[in-house]
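A quick write-up on the structure given underneath.
What you see below is based on every heavy atom in this structure, not just the backbone, and it leaves out hydrogens, waters and symmetry mates.
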Amino acid sequence: MDERKIEMLLEQKKYRELREELIQMNPIDIEEILEELDIAIALMLFRMLPKDVAVDVFSYFPVDKQKEIVGCITDKELEYIIDELYFDDMIDLLEEMPANVVKKILLNSNQEERKRINQFLNYPQDSAGSLMTIEYVDLKKEMTVGEALAHIKETGLSKETVYTCYVTDSNRKLEGIVSLRKLVVNEENESIKNIMNKDVIYVNTHDDQETVAALFRKYGFIALPVVDKENRLTGIITVDDIMDVIDKENTEDFQKMAAMSPSEDEYLDTGVFNLAKHRIIWLLFLMISATFTQRIITRFEDVLQSTVLLASFIPMLMDTGGNAGSQSSTLVIRGLALGEVHPKDIGKVVWKEFRISIIVGIVLALVNFLRIYYIEKVNIYIALTVSVTLFFTVIASKVIGGILPIAAKKLKIDPAIMASPLITTIVDALSLTVYFTIASLILHI
């Protein structure tokens, strides 16, 4: 759909044609168009949509837009949207709405639904319980394939997914799973208990969302069952919900790796002072920690005064060391996030990074020596001092860059914190200490 055509129909007030055009579009595309419009016009077009389409469009709106819509529509319109949203989308909405809106929604809910909503709202944030939906297909093992298919046809339209069905006993305890494919290819009189898979992978309601995301990545699930402490099936988490979690976790990691406090707000929608607040804390910490570098330079002031040329190579040594450490830490952090590296692998990581650093260090030190000695015509002893320092700095930087994220993981700290800025600060202090120590030995200062 051409956006220019939308604007033209709006300008000409041809609302009937506009409605027909919008109905033919995907709900995500409609959401993108309405989000760019003034709230009054967006609300008018939103009300023109068929109710089922309007609910789908509403579910794609960002939180701020949802709040605006909720603040403008009638109680009856809100009640319809809430009734038609999938349960997990409704919980996500309630978590973001003001208390008076939540109260209004709860008052319009029946007792059983109100109890269920309150239960979901009480799950810890970022837990499996807060992500799950109750719209799943459950079967009994005593059913036949024919009965199961009839049950899916009857109830499946209101479920988020029918591709995997969950087999429970009379107490809702999870006993197995069966795929829709398996139901379709088996005889109608075959018993569910004979074809279900009893080896079920599941998560607990209080498991962290990162644990859930790791299972989805590892096994490629479409949906994952969630059970309580008594192994009763409480809900399921679908792949679309966990994709949102993975995006959020990746964004948080990038922010931490850039020395910023994580924020869920979009960049252009966040105020200047709010952005500054998220950045200044880490910058203050890194600035203060840099005093260690200053003290090292002050301590070796005599060395610098006797050979002033040494000072000109400090930026190169510090930058190379920081970059080398950042390379290692970035790969290890990503490996930890994807489950490719585990804390128990620390020995393997150190050994691998040590061997890599030997190769990289030799090449960099050799090139640097030739550059300083033959091109810049620097004294051979100073060239040797800088190059040897560079070699040891690269080794130390890469090993430290590999160790720190794993150490953070063991200490239950987010490994992303041990990224470029912090690694650079540590390596700067180390490289200067090595530099001045080697200079004292080689130059006999």
Side-chain angles (χ1 to χ4, degrees), residues 1-109 117 121 130-131 133 135 157-158 160 238 240-241 243-245 247-248 251 263-275:
M1 176 65 186
D2 185 5
E3 289 187 17
R4 179 60 191 153
K5 189 174 182 181
I6 290 282
E7 293 175 5
M8 183 183 69
L9 292 174
L10 274 172
E11 289 171 1
Q12 296 173 356
K13 297 184 178 181
K14 295 182 178 180
Y15 298 124
R16 186 183 297 276
E17 291 181 38
L18 182 56
R19 181 180 185 274
E20 294 302 318
E21 291 286 352
L22 290 173
I23 290 174
Q24 303 302 318
M25 296 171 62
N26 188 292
I28 296 178
D29 296 325
I30 300 175
E31 180 273 326
E32 289 180 353
I33 290 173
L34 297 189
E35 193 178 349
E36 296 299 320
L37 298 174
D38 179 77
I39 181 61
I41 299 175
L43 184 61
M44 178 187 68
L45 296 181
F46 179 76
R47 283 176 161 153
M48 288 168 51
L49 297 171
K51 289 184 177 180
D52 57 334
V53 177
V55 171
D56 287 339
V57 171
F58 183 85
S59 68
Y60 290 116
F61 278 134
V63 172
D64 290 342
K65 199 71 172 182
Q66 286 182 338
K67 287 181 180 178
E68 286 185 320
I69 297 291
V70 168
C72 297
I73 60 179
T74 65
D75 288 359
K76 188 174 181 180
E77 289 171 322
L78 176 61
E79 185 177 349
Y80 180 83
I81 289 173
I82 294 298
D83 287 342
E84 294 302 314
L85 281 173
Y86 283 121
F87 195 81
D88 57 334
D89 291 331
M90 181 183 68
I91 295 299
D92 290 340
L93 172 64
L94 291 177
E95 287 177 336
E96 301 294 341
M97 289 296 108
N100 61 320
V101 176
V102 175
K103 184 178 180 181
K104 182 167 63 175
I105 292 170
L106 290 176
L107 287 174
N108 289 317
S109 305
I117 290 171
L121 292 176
S130 68
L131 293 173
T133 179
E135 273 101 6
L157 195 61
S158 61
E160 279 216 26
T238 53
D240 60 321
D241 291 321
M243 287 300 294
D244 293 337
V245 170
D247 285 343
K248 178 183 171 184
T251 301
S263 172
E264 295 182 14
D265 299 327
E266 292 186 13
Y267 175 75
L268 292 177
D269 295 333
T270 308
V272 172
F273 286 103
N274 201 18
L275 285 171

Side-chain atoms of residues 42-52: list all donor-acceptor pairs with protein atoms under 3.5 Å, sequence neighbours left out, distances to 0.1 Å.
from	atom 1	to	atom 2	distance (Å)
Arg47	NE	Glu77	OE1	3.4
Arg47	NE	Glu77	OE2	3.0
Arg47	NH2	Cys72	O	3.3
Arg47	NH2	Glu77	OE1	3.1

*Taking only residues two or more places apart in sequence, or in another chain, which ones meet Glu68 in a salt bridge (Lys or Arg N to Asp or Glu O under 4.0 Å)?*
Lys65
*From CA spacing to verdict: side-chain contact (heavy atoms from CB on, under 4.5 Å), Ile23, Ile30*: CA-CA 9 Å; Ile23 290 174; Ile30 300 175; over 6 Å; no
_Derivation of the side-chain contact (heavy atoms from CB on, under 4.5 Å) call for Ile33 and Met25_ = CA-CA 11 Å; Ile33 290 173; Met25 296 171 62; 3.3 Å; yes
*Checking side chain to side chain donor-acceptor pair (under 3.5 Å) for the pair Thr238/Asp241: CA distance, chi angles, key distance, verdict?*
CA-CA 6 Å; Thr238 53; Asp241 291 321; 3.0 Å; yes
*Looking at Glu31 and Phe61, what are the two nearest heavy atoms and their distance?*
CG-CD2, 3.5 Å
*Please tell me if the side chains of Leu34 and Ile41 come closer than 4.5 Å, counting only heavy atoms from C-beta onward.*
no
